[in-house]
Amino acid sequence: MALEIYKEAFAIAAAAAFRESYPDIHREVGDAEVFQRQFVYAALEKPKDPRMGRFALPVFKFAKLLKESPPAIVGRVAPVIDRHLRAMTPPSPVHCTGTGAFLNAGIDSASLLKQALGAILDSAVAYGASSIGSGKTVLVEYSSPNIAKPFGVGHLRSTVIGNSLRRIFKKLGYNVVGINYPGDWGTQFGKMIVAYRLWSTPETLRGDVVANLLELYVRFHTEAEKHPELEDQARAAFKSLESAEPEAVRLWEEFKQISHAEFDRIYGILGVEFDLVYGESFLNDKMEAVISRLEKDGLTSMSRGALVVELDDPNLPPALLKKQDGATLYLTRDLAGAFWRWAEYRFDLSLYVVGSSQADHFRQMLKVLELLEQKEQLPDMERLSSRIKHVDFGWIKFGDKSMSTRRGNIIILEDVLDRAVALVKQRIMEKNPDLAEIDKTASIIGVGAVIFTQLSARRQRDVNFVWEDVLNFDGETGPYLQYTHARLCSLERNYNKPVGSDIDFSLLDHEEEIRVVEALLEFPAIVADAAAQYEPYYVSSYLLRLAAAFNKVYQRKDEAGRIDKIISDNAELSAARMALVKAVRTVLKEGLYLLGLGAPEEM
RNA sequence: GCGCUCAUAGCUCAACUGGAUAGAGCAUCUGCCUUCGAAGCAGAGGGUUGGGGGUUCAAGUCCCUCUGAGCGCACCA
């Protein structure tokens with residue numbers, strides 16, 4: 001990948017230079033520490049200020065070993081490193097200059113440009129791809145909404161983070177299975193059945209069915225406060241569902257069908273995809289095996305009438321497998337799911353994109369798995385606990401109110417999307433009324449704006465849902481990236497010639513242009529980091545940097561204060577600049593795709 | 001009460017996992033369209049990184065402590 005070859009050359013030269021400059025100490029310690037190429041390579045950092053160089057080696061740590069002050073070391077070694085770089089065949093494009101306690105490495109921009117732009121233009125959409133994941137399987141569970149409830153903004157984060165991770169891992173060559181695991185089982189269906197029997201009318205299944213069902217659900221909770229006996233009825237109703245009483249099952253199937261139709265429509269709008277969808281009920285007949293396996297291992301015990309696994313962690317409550325009444329629980333189900341997935345996929349990694357409020361639940365689950373593996377003395381090959389990761393994320397907060405389905409205090413995702421799209425459409429009407437596909441474009445941008453708000457900060461942070469922010473398209477937003485993309489497309493249309501391969505890259509000699517190329521070079525590492533940390537925001541913040549860097553080029557003024565245009569009478573210069581345009585557009589579009597955003601060519 | 005996660009500009013967030021002068025956007029103010037797309041660009045103001053200790057050449061980043069917030073704390077998912 002892009003930068004590595006330069007770092008490698010620098011590391012070789014630096015290690016050699018240290019050996020040459022400190023022969024006595026080198027003889028003592030041998031080819032270790034700074035005298036070793038790999039050691040130097042690993043210690044390289046990226047300077048905060050790009051003018052300091054492309055990468056740098058701080059020497060503070062070596063002061064003790066070399067028995068000299070950091071600036072003295074730098075003064076002695078920097079010229080030697082540079083000499084070694086010059087002596088390579090061919091001479092390396094890397095240069096070394098010392099500043100204070102840092103050995104800074106700069107790269108000849110001509111080499112940098114040719115290398116970077118050449119690589120991007122050659123590989124096109126494949127730029128940034130890798131094969132590090134080939135032969136490995138990653139499962140990503142995300143979205144997982146609840147049947148018979150509306151799709152609220154609360155489910156948005158899991159959905160878009162998971163969707164993005166699925167794409168990012170695919171880019172790296174992994175075999176990825178995106179899993180949607182909707183909540184289609186549990187006592188809330190008892191409540192729904194009771195509410196439906198008591199208050200539904202022929203109108204309930206007409207019009208906005210999901211909203212009508214929500215109304216029933218909310219009504220159940222308000223009435224149940226006055227009439228607690230409703231709760232008993234709900235339990236009984238769920239019991240009848242569990243024992244497959246036909247009428248209860250029929251209603252349940254009905255709820256499922258309605259919800260899935262609704263969810264699929266929303267996933268269509270969002271552009272979110274899954275490879276596998278199964279609800280909680282799918283695991284109903286798979287839990288008993290897990291329970292008896294744990295019993296056989298002697299890990300279970302009875303506590304307050306419930307079947308539990310005592311965990312040796314004092315900060316975790318025991319893991320409940322069965323309630324007093326013998327019914328299974330969420331945890332039991334997730335354990336069964338983990339084993340089923342393992343049997344099915346033999347995954348290398350299994351991610352659960354679920355809110356941080358469930359951190360303890362996953363800790364319990366992992367602990368149970370660890371105890372089981374320990375007890376059964378499973379070889380590493382058969383252990384799944386270390387392959388399972390809870391990819392947690394913060395809440396979506398709404399003002400000072402917490403959102404609660406029970407009280408009907410919830411923001412419906414589709415309302416948010418509709419408002420965003422409508423506002424975008426209005427904006428297009430003002431600015432570009434002749435646009436061919438206004439509705440389609442407005443949808444891509446409006447939906448993209450909403451998705452981007454969920455991916456622009458670290459997962460862990462709580463995000464405030466503020467209408468004003470969601471509907472703002474200026475600054476660090478999805479539409480900003482899309483606008484930049486559309487502008488790049490516009491340049492290509494105006495240029496109206498293929499970007500050639502015979503280009504004099506040295507014509508791109510402005511600071512702003514070099515910055516863009518440096519940003520382009522970062523893309524592969526950014527994608528890899530995003531996967532390693534399960535953080536799509538690495539990609540989103542990177543794209544903002546890239547777009548900003550390009551926009552500076554686009555509106556750079558010459559000495560006379562006039563915009564120095566990309567396309568000019570100078571054919572050579574225009575060709576070189578258009579190569580840059582094409583490379584940026586390629587990366588921008590691909591990056592947007594990784595986040596789950598569309599990249600319209602006009603807007 | 002215990003545990004987990006946090007606290008950075010008025011607001012929303014960055015800071016390469018211990019390195020050089022803590023950076024962006026929003027908001028406010030000032031410039032830039034006789035056309036490569038102004039959903040943009042340039043500039044200005046705005047900071048004791050919640051308080052206090054410590055670790056070391058170096059701390060927003062690691063450790064301790066205090067304050068404050070969010071989320072958990074077995075028969076919901």
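Just so we're clear, the structure is a prediction, and the values are computed from it rather than from any experiment. In what follows, every chain begins at residue 1, and chains take the letters A, B, ... in the order their sequences are listed.
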Under 4.0 Å, heavy atoms only, any strand: does [X] hit a base, just the sugar-phosphate, or nothing?
X	value
A:Q358	base
A:L311	nothing
A:E602	base

Residues A:K589 and A:E601 bridged, charged N to O under 4.0 Å |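 Looking at A:E601 together with A:K589, the answer is no, because their closest N to O distance does not fall below 4.0 Å.
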Are the ring of A:Y554 and the base ring of B:C36 both nearer than 5.5 Å at their centres and tilted by less than 30°?
->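 The ring of A:Y554 is stacked on B:C36.
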Classify the ring geometry between A:H361 and A:Y330 as parallel (under 30°), tilted (30 to 60°) or perpendicular (over 60°).
->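 Plane angle under 30°, so parallel.
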Name the orientation class of the two ring planes belonging to A:Y554 and A:F550 (parallel below 30°, tilted from 30 to 60°, perpendicular beyond 60°).
->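 Rings of A:Y554 and A:F550: tilted, as their planes differ by 30° to 60°.
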Which residues in residues 562-570 of chain A have at least one heavy atom lying under 4.0 Å from any atom of RNA chain B?
->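 Going residue by residue through residues 562-570 of chain A, the ones with a heavy atom under 4.0 Å of RNA chain B turn out to be A:I563, A:K565, A:I566, A:I567.
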Does any pair with a residue in residues 434-446 of chain A pass side chain to side chain donor-acceptor pair (under 3.5 Å), and if so which ones, sequence neighbours excluded?
->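 Only A:K425-A:D439 qualify under side chain to side chain donor-acceptor pair (under 3.5 Å).
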Side chain to side chain donor-acceptor pair (under 3.5 Å) contacts in which one or both residues fall within residues 532-544 of chain A, not counting sequence neighbours =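 Applying side chain to side chain donor-acceptor pair (under 3.5 Å) to every pair that reaches into residues 532-544 of chain A, excluding sequence neighbours, yields nothing.
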Donor/acceptor link under 3.5 angstrom from A:S303 side chain onto base of B:A74 |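 In this structure, the two groups form a donor-acceptor pair.
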Scan residues 472-489 of chain A for pairs that pass salt bridge (Lys or Arg N to Asp or Glu O under 4.0 Å), counting only residues two or more places apart or in two chains.
->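 Sorted result for residues 472-489 of chain A: A:R427-A:D474.
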Which nucleotides of nucleotides 13-21 of chain B have their base under 4.0 Å from a protein heavy atom (B), which only their sugar-phosphate (S), and which neither (-), written as one string 5' to 3'?
-> SSSBB-BB-
Return yes if a side-chain donor-acceptor contact under 3.5 Å exists between A:T453 and A:D469, otherwise no.
->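 No, no side-chain donor-acceptor pair sits under 3.5 Å.
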Which stems does RNA chain B form, counting runs of 3 or more consecutive Watson-Crick or G-U wobble pairs with both distances under 3.5 Å?
->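 Runs of three or more consecutive pairs: B:1-7 with B:67-73, B:10-13 with B:23-26, B:28-32 with B:40-44, B:50-54 with B:62-66.
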State yes or no: are the ring centers of A:W395 and A:F465 separated by less than 6.0 Å?
->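 No - the distance between ring centres of A:W395 and A:F465 does not fall below the 6.0 Å cut-off.
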